[in-house]
Protein chains: 2
Amino acid sequence: MPPKTAPNPASTATPPATGTVRLVKKRRPQQRQLILDEAARLFKERGFGSSSMRDLGARVGLDAASMYNHIKSKDEILEIICFQVSDTYIAQLTEVEQMEATYLEKITELLRRHVRLMTKDGAAVSVANNEWKALTEPRLTEFKQARKRYEKGFAALIEQGIAAGELQAVNVSVALFTLLSAVRWVELWYRPGRNLSAADLEADLLTMLLDGLKKPTA
Amino acid sequence: MPPKTAPNPASTATPPATGTVRLVKKRRPQQRQLILDEAARLFKERGFGSSSMRDLGARVGLDAASMYNHIKSKDEILEIICFQVSDTYIAQLTEVEQMEATYLEKITELLRRHVRLMTKDGAAVSVANNEWKALTEPRLTEFKQARKRYEKGFAALIEQGIAAGELQAVNVSVALFTLLSAVRWVELWYRPGRNLSAADLEADLLTMLLDGLKKPTA
DNA sequence: AATAAACACAAACAAATGTTTGTTTAGGCT
DNA sequence: AGCCTAAACAAACATTTGTTTGTGTTTATT
């Protein structure tokens, strides 16, 4: 005899396309991604340690136990989110490094992509930036190395930009972290459908960072 | 009969001043502050949700239960840390607002104090910035309001600075959050005794933010 | 229609959580 | 010396934690 609440045919969270409308797709390959997406949002809101699998299950519309058909562990979820983001960052750096352009242009382009990833995948980026400390040990070190790789590459662009006379001779570390941090408020602040468009945001942000806030004394 | 590990006369973490050297001070009034300081460090490292009272107790050199003689709850610890920081920020804003100076000077001074608080109380500032979401409800709203008050005040300085012709006419929100975020890497990066002094850091940071990174096209 | 795989749930698990209780010890006071 | 209170610990508490197991249901494929 079935229990009082009827078992969930295809998760109450998914559209009520009851069988016939199903496309040629496999089974429900979107369930895993749904879990990951919702986890990113939850972890961003509450932090990894303060988020329980039951909380997550409730959001996904699944019993906590059911999610283990799609993911291996809570830790694995965090790993996937963090490395998906860091891999993207590294890829962007590598691409920009190989561009034919001035250092100032390269830096601008890297920042631009940085911001774009944030406006597109805000929750995941936020988790990768703030919750990576909760990674468990083999992966924790890997993540730190990826981070370092990105920072070194970015710092090299700044250093060369200064050497080439394109940039002011500030301390390279200060410049690096100022740029990287300055860009991070986007993840806290940006919401699609604000009165400021993503494009305007990019423009103003780059103006501030590269041209400075103070009016040039004409 | 005492248990195998002798009970802790004045906490093994405190210096072994065994009785006679005690000053005229009350009893052990520093235990509470020790707990709060260590909590700030722990919460910064591991996050509030991933830090247990037993972890904290181990660091302080106290049984978890013993700490309840000094604090009311784990939540209270977070509250104290967060509001001590936000109160300081608000106080600094109020002081700077009342200074006789140009808007650019006021902004510079506010940033300077901001950075100084970070280099002095890094752990607490970090917790207030990153773990405040874990505050429970009456205080959570209060904290958000304090935050908003600070942001509004800061934004007003920028707005007036632009109106007075001292600053470039960028979007005020973008400028505000860029400045506030740019300053936050200090909490992640600064450690006393690095090759970069706090003073040099301040100088380079302000140069970058106010004068920009790009070399003025002479 | 039958079969096998995918998947959802209920129930349970051990371990870890924040906190309370009861008791003992330590140190300053008269 | 003797008291009183602050403060430490041990033991236990009720939950909540992440995860496993067993069982049933759904779905794609034959």
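Computed from a predicted structure; not experimentally measured. The sequence lines fix the lettering, A, B, ..., with proteins before strands; numbering per chain opens at 1.
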Looking only at side-chain atoms of [X], point me to the closest of [options].
{"X": "A65(B)", "options": "dA8(C), dT19(D), dT21(C)", "value": "dT21(C)"}
{"X": "S66(B)", "options": "dC9(C), dG18(C), dC9(D)", "value": "dC9(D)"}
{"X": "D63(A)", "options": "dC9(C), dA8(D), dA10(D)", "value": "dC9(C)"}

*May I ask you to evaluate whether H70(B) reaches the phosphate of dA8(D), defined as a side-chain N or O under 4.0 Å from OP1 or OP2?*
yes
*asked:* Just N and O in the side chain of Q31(A): are any of them under 4.0 Å from OP1 or OP2 of dA8(C)?
replied: yes
Below 4.5 Å, heavy atoms only, C-beta onward: do [X] and [Y] meet side chain to side chain?
{"X": "F177(B)", "Y": "V186(A)", "result": "no"}
{"X": "L179(B)", "Y": "F154(B)", "result": "yes"}
{"X": "Y89(A)", "Y": "R113(A)", "result": "no"}

Side-chain donor-acceptor pairs of residues 75-87 of chain B under 3.5 Å, sequence neighbours excluded:
unit_1, atom_1, unit_2, atom_2, d
E76(B), OE1, K72(B), N, 2.8
E79(B), OE1, R139(B), NH1, 3.0
S86(B), OG, F83(B), O, 3.4

*Is there any salt bridge (charged side-chain N to carboxylate O under 4.0 Å, His left out) pair reaching into residues 40-49 of chain A, and which pairs are they, with sequence neighbours excluded?*
E38(A)-R41(A), E45(A)-R59(A), R46(A)-D55(A)
Just the rounded figure in Å: distance from [atom2] of [N] to [atom1] of [X].
{"X": "K74(A)", "N": "dT20(D)", "atom1": "NZ", "atom2": "C1'", "result": "17 Å"}
{"X": "Q30(B)", "N": "dA6(D)", "atom1": "CD", "atom2": "P", "result": "16 Å"}
{"X": "L62(A)", "N": "dA6(C)", "atom1": "CG", "atom2": "P", "result": "17 Å"}
{"X": "R32(A)", "N": "dA6(C)", "atom1": "CZ", "atom2": "C1'", "result": "15 Å"}
{"X": "I35(A)", "N": "dA8(C)", "atom1": "CD1", "atom2": "C1'", "result": "11 Å"}
{"X": "L56(A)", "N": "dT16(D)", "atom1": "CG", "atom2": "P", "result": "18 Å"}
{"X": "L34(B)", "N": "dA8(D)", "atom1": "CG", "atom2": "C1'", "result": "15 Å"}
{"X": "Y68(A)", "N": "dG22(D)", "atom1": "OH", "atom2": "C1'", "result": "17 Å"}

*Residues in salt bridge (Lys or Arg N to Asp or Glu O under 4.0 Å) contact with E105(B), at least two apart in sequence or another chain*: none
_Under the rule for side chain to side chain contact (heavy atoms under 4.5 Å, CB included), what residues qualify as partners of D37(B), not counting sequence neighbours?_
Q33(B)
_Backbone N/O of L117(A) and side chain of D121(A): donor-acceptor pair under 3.5 Å_ = no
*Backbone of I90(A) reached by a side-chain donor or acceptor of T94(A) within 3.5 Å*: yes
*Which of residues 39-55 of chain A sit near DNA chain D, with a heavy atom under 4.0 Å from it?*
S51(A), S52(A), M53(A), R54(A)
_Under the 3.5 Å Watson-Crick or G-U criterion, the dot-bracket string of DNA chain D, with | for inter-strand pairs_ = |.|||||||||||||||.||||||||||||
*asked:* Let's test your reading of the model: under 3.5 Å, does the base of dA8(D) pair with the side chain of N69(B) as donor and acceptor?
replied: yes
